[in-house]
Amino acid sequence: MSVLRPNLLPLSLPYPNSTSILPYPTRRLPHLQTLPKILCAAKRTGKQRYPSEKKKLKLKHKEALTDVKNKFDGIWRLSKLAVSVQNDPGKDFLGVSDGLLQEIAKAIKFPVASMLPPEAFSVIRKSFDARKMLKEAKFVYTVDMDVSELINLEPRTIDFISDLEPRVGLIEHMPLERVSGDIISIIQDCKKVEGERLLKEGGANGYSCNAGTYKYTGSRKPKIAVVGSGPSGLFASLVLAELGADVTLIERGQPVEQRGRDIGALMVRRVLELESNFCFGEGGAGTWSDGKLVTRIGRNSDSVLAVMKTLVHFGAPGNILIDGKPHLGTDRLVPLLRNLRQNLQGQGVSIKFGTRVDDLIIEDGHVVGVKVSDSRDQQKLDCHKLGFDAVILAVGHSARDIYHMLLSHDIDLIPKDFAVGLRIEHPQELINSVQYSSLSTEVHRGRGKIPVADYKVASYVSREDGKTPSSSGPTSRSCYSFCMCPGGQVVLTSTDPSELCINGMSFSRRASKWANAALVVTVSTKDFNSLDFHGPLAGIDFQREFERRAAVMGGGDFVVPVQTVTDFLDSKFSVTSLPPSSYRLGVKAAKLHELFPMHITDALRHSVSVFDKELPGFISNEALLHGVETRTSSPIQIPRSSDTYESLSLKGLYPVGEGAGYAGGIVSAAVDGMHAGFAVAKRFGLFLDGIESVLGKAQGAGSAKY
């Protein structure tokens, strides 16, 4: 089962005395019960913690409370500094305000906050916390205090620093400040260090040094193909290009400029370009999405920080390094991708847009190249061969033809659980009111003092008798919100005219008047088998079944079937009085309660009722369900070595990223591609040490922890 980590933004009831929203009466389906659920707004505490979490916390306590040898050396990190909305300049201010200085003064017990020099403090993290358990909403900061700078600017703080004692999660001492750079500077530093070493040794191991650098000096550079220009493919290409490989980046779609025009044609003239759309093209599916940069693989890990700083290097705003819930938005991703492309081309990377990989060339159990054709040639009449030493397969989870091609070569594909459901849309003002109550007036469509409100909810559902026939799926399953887009819109992510699937997207300001999120239920091989879908690609057949049903319900021309939440709960069909939708290609009233098998529909219904308890007003006549959401994550995983990233079925093939089942989202995909790039570089002698020596081992490598 997927377990969602709670976030700081509120998922609880509105503040006291709020009467702006009257919740819809809660339904309870008698044959379903809710398993003990994860609290949606707060971290697990006490007995709720997993044993592994308890062990880590105990170790952290022990390390933090170890005597500090020199309190005047290094950095003190001050966490959970809460500043009220009234005393904070707002979400877009990332400096040290007077209100924050007051909280810092309290933390170090310094009597006069105004005497503290702001220059001695750096904001590391800023989040907004508006949970009901708080007396008032607050901005929560993590701040690094440079002791030498502080004492230099205000000597009277010496005694107070001397009295400081570590407190787990609140005050921690870091003798040595570790500064992780972007991936380009990291590689340049590695090359400089290695070059200096080789200069002393006179050169060795097929390398030569020149002005503090080193490079491969074999008969030729290793030729590496990277298939797919999503985050994993781009970061793999960047690493390999920086380390001296001959990289060819192959993308079936178009560069962002042309891709934007193709998407515009879809929105205006209903013309779907099969290879250039919301799923295919430069940047991958995440380009036209909310551009979320949240991840579950360790926000403060060196790998994640390297990815985030690389994004900043190519044009992302610096606030993504500080914001508790960083996101970019499509409008910021487009110029960033253009800058990254120009850098790769400057490094000598050959980028082939509009080029589809149709097959692998295999000799003696080893990939030696690929067969490609023009993406516009659907008949694949003009295929030609390209030879390579290795192929990094970095496609997205919508590249279904790639899965079929891999299966034709007997490459192992393992069916993977994922989730399907519907996308729910509310007026953003309603979500603001649910989450912020009277503070909702401070949002101002993304230009106000506080962030546009979002939410994350989850519940677990099982049958009371615990005995579910195999035809009805597992005995229990999770239902949760996915890819919540505040101030966003619902968009079409179909890659076939006969199929209909949707997603959400937002621009950087999140200024739309709608909020949308997928409400999805986990499905597994039991669900696939119940519809007579079997084999490694059963999950894809399962997805297609419901995408085709949704297309029929919509009546064609990419019209999306919709139903109000209240009608969905009551199994009613109402043609009139549909609330407005952000979906631009049109909506049609439909019986979405008949779209999925009953056990999935019941799980969705029950969970919606549970969510309404967490977010009163979630069930509303203004809430509109859209069908269908099926591509939440890859339906398969391609087994690979956890150390070399090489396929266990085929030498020279390196499956990475979301399509291979090893990532879910921009950041985790980029991290996976980056680590794979280093692994391939090591395989061909371009990098002597493993990536672990630079950034540590990738968290969750080979697992589904995104």
State whether a side-chain donor-acceptor pair under 3.5 Å links [X] with [Y].
| X | Y | value |
| --- | --- | --- |
| N343 | H313 | no |
| D262 | Q258 | yes |
| T248 | K352 | no |
| S508 | D331 | yes |
| N300 | R125 | yes |
| H675 | S303 | yes |
| E242 | Q188 | yes |

(request) Please identify each residue that fulfils ring-ring contact (aromatic ring centres under 6.0 Å, His included) with H173, with sequence neighbours left out. (result) W76

(request) For the pair F542 and F533, name the ring-plane relationship: parallel under 30°, tilted 30 to 60°, perpendicular over 60°. (result) perpendicular

Within-4.5 Å side-chain heavy-atom neighbours: [X] and [Y]:
| X | Y | value |
| --- | --- | --- |
| M405 | I402 | yes |
| M674 | I183 | yes |
| L293 | L328 | yes |

(message) Both conditions, 6.0 Å and 45 degrees, for the charged tip of K682 above the ring of F687: are they met here?
(response) no

Run the salt-bridge test on [X] and [Y] with the 4.0 Å N-O cut-off and return the result as yes or no.
| X | Y | result |
| --- | --- | --- |
| E658 | R631 | no |
| R544 | E499 | yes |
| R338 | E257 | yes |
| E282 | R341 | yes |
| R356 | E275 | yes |
| D358 | K371 | no |
| D374 | R252 | no |

(message) Could you work out, with side-chain contact (heavy atoms from CB on, under 4.5 Å) as the rule, every residue matching A518, not counting sequence neighbours?
(response) R423, F482, V520, E629

(request) Hey, could you give me the CD1/NZ distance between I636 and K416, rounded to the nearest 0.5 Å? (result) 8.5 Å

(request) With M505 as reference, evaluate D290, V491, T287 under the side chain to side chain contact (heavy atoms under 4.5 Å, CB included) test and give the passing residue. (result) V491

(message) If you take the centroid of each ring, where Trp contributes its six-membered ring, are Y654 and Y645 closer together than 6.0 Å?
(response) no

(message) Just to verify, what does S229 make a side-chain hydrogen bond (donor to acceptor under 3.5 Å, both in side chains) with, not counting sequence neighbours?
(response) E251

